[in-house]
Amino acid sequence: MPDLSLPDKAKVTNAARVSEANSRERPPSVDALARAIGDIDLPHAVLVDCARRSIEGGTDYEVVARRYAQDFEGALIGEVINATGVLLHTNLGRAPYAGVSGTRALSVEYDLAEGVRGSRHDAISEMLRLLTGAEAAIVVNNNAAAVLLVLAALAEGRSVAVSRGESVEIGGGFRIPEVMARSGARLVDVGTTNRTRLSDYSEAARELGDDLALVLKVHPSNFEVSGFIEDTSIRELTSVGVPVIADLGSGLLDNNAPWMPAATRPLPNWISDEPGAVQALNDGADVVMFSGDKLLGGPQCGIIAGRADLIERCARHPLMRAMRPGQHALVPLQRVLLSYLIRGVIEEVPFWGMVAVAVDELETRAASIIEAANVGEIRATHSVIGAGAAPGATLPSVAVVVPGDVSRQLRMRRPVPIVGRVAEGHTWLDLRTVHPDDDQGVAAALSDLVR
Ligand SMILES: *Cc1c(COP(=O)(O)O)cnc(C)c1O
């Protein structure tokens with residue numbers, strides 16, 4: 001990894017003077033300008049491109065070239081300290097997790113005993129079977145892909161009944177009617193926006209006969225409806241007579257959360273009321289789909305779990321090849337599932353570590369940071385889950401608040417930027433989303449600000 005440290009401010013100021021003079025004269029050569037900003041630790045080809053674009057722009061050549069280089073550096077994906085208080089921050093990659101490292105090959109789909117090609121799904125399928133009670137499972141690139149694949153594999157050319165209250169947009173342009181159309185299945189709306197009864201589904205089933213392939217339930221994970229509402233449960237839907245498919249979205253494995261320590265019980269509603277995969281399958285869902293990087297706490301992926309014959313049809317569908325996950329997703333997912341199996345979730349899955357940490361521990365950490373940095377004060381705050389999961393739910397938390405808006409300075413800090421939030425004219429660093437290993441780095445950043 002190259003050192004991507006920024007050019008220091010003094011150099012930029014000197015450069016500004018030089019290039020002011022330059023701009024009145026004729027433009028430098030691309031090569032000379034690229035060499036002039038050669039102190040920036042980026043590949044030469046990038047500096048040449050920045051130089052060329054700056055010369056095309058026509059003024060302040062060196063300052064502008066440096067800004068382009070800085071923009072490129074800012075666009076590189078790198079580690080950041082999430083002090084926003086949003087546990088699953090969509091712009092920060094949702095759930096943090098330990099990635100794949102090292103230079104050795106990986107036995108992604110290799111049978112070591114026989115020395116032949118194996119399956120990349122076997123071990124993960126077995127672990128999901130033990131964790132959720134599903135007969136089998138496969139993994140695709142994200143949950144949007146999971147929904148598309150299930151509909152294409154199980155309902156292409158036929159009808160799928162969906163409640164009008166669940167024909168929703170999840171975010172990022174993922175709309176159930178559009179995904180349905182792309183899958184080749186026909187959406188049949190049943191019920192009304194606020195109330196859908198079992199009889200609405202049964203009537204659709206009578207009218208459609210053999211044409212009805214599935215009933216799809218979509219968990220409205222990113223909004224709440226209240227008031228005069230009625231919903232049909234998975235258990236009731238099993239009487240319709242076709243497979244019941246549930247898009248759970250948020251990926252909570254079990255709403256009893258057996259991995260949560262005794263001190264955190266009774267569990268908050270956002271856990272106990274969330275549909276768990278265990279409960280949905282137990283209630284009779286034939287297939288469930290959910291994200292790997294929401295409440296599961298793993299890498300971006302989509303999990304499809306349920307009846308073995310239906311999973312097999314998904315696995316054999318041609319779209320599966322276009323959606324299959326790589327080692328960068330499978331290895332961390334395997335690690336997360338192993339943590340659930342050994343009940344090491346709080347210690348090993350960063351998302352659940354953030355959920356479980358006690359407020360007084362956050363207060364102690366905040367006090368140490370403030371003492372070390374010699375700036376800031378402790379304030380009570382609320383963290384949120386994020387990623388559209390558990391809308392409206394908040395977790396009590398503690399922030400280090402420093403005067404004024406210093407959010408940009410913190411974001412521009414290297415090697416590890418810090419992302420906080422600005423409220424009431426001050427900068428808030430919510431410690432629930434900061435790993436304790438980063439406390440010292442946060443303190444150092446704050447102390448540098450006051451100096
Ligand atoms: C988040 C979500 C999706 C999309 O999942 P991705 O993993 O982001 O592709 C689909 N359906 C529901 C109900 C969701 O909550």
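Order of listing sets the numbers, starting from 1, for every ligand and every atom in it.
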Backbone N or O of Pro243 within a donor-acceptor pair of the Arg307 side chain at under 3.5 Å? no

A quick test of your reading: do over 12 heavy atoms of other residues, nucleotides or ligands sit less than 6.0 Å from CZ of Arg265? yes

Contacts of Thr196 meeting side chain to side chain donor-acceptor pair (under 3.5 Å) (sequence neighbours excluded), chain-then-number -> Ser163

Quick one: list whatever passes side chain to side chain donor-acceptor pair (under 3.5 Å) with Arg316, sequence neighbours left out. Glu312

Say you draw a straight line from CG of Leu337 to CG of Leu341; how long is it, rounded to the nearest 0.5 Å? 7.0 Å

With ring pair (Phe, Tyr, Trp, His ring centres under 6.0 Å) as the rule and sequence neighbours excluded, what pairs involving residues 239-260 come up? Trp259-Tyr340, Trp259-Trp352

Are there any protein N or O atoms under 3.5 Å from the N or O atoms of ligand 1? List them with distances, or say none.
residue, atom, partner, partner atom, Å
ligand 1, 5 (O), Ser291, OG, 3.2
ligand 1, 7 (O), Asn143, N, 2.9
ligand 1, 7 (O), Ser291, OG, 2.7
ligand 1, 8 (O), Arg94, NH1, 3.0
ligand 1, 8 (O), Arg94, NH2, 2.9
ligand 1, 9 (O), Asn143, N, 3.2
ligand 1, 9 (O), Ala144, N, 2.9
ligand 1, 11 (N), Asn143, ND2, 3.4
ligand 1, 11 (N), Asp247, OD1, 3.2
ligand 1, 11 (N), Asp247, OD2, 2.6
ligand 1, 15 (O), Ser221, OG, 2.4
ligand 1, 15 (O), Lys294, NZ, 2.8

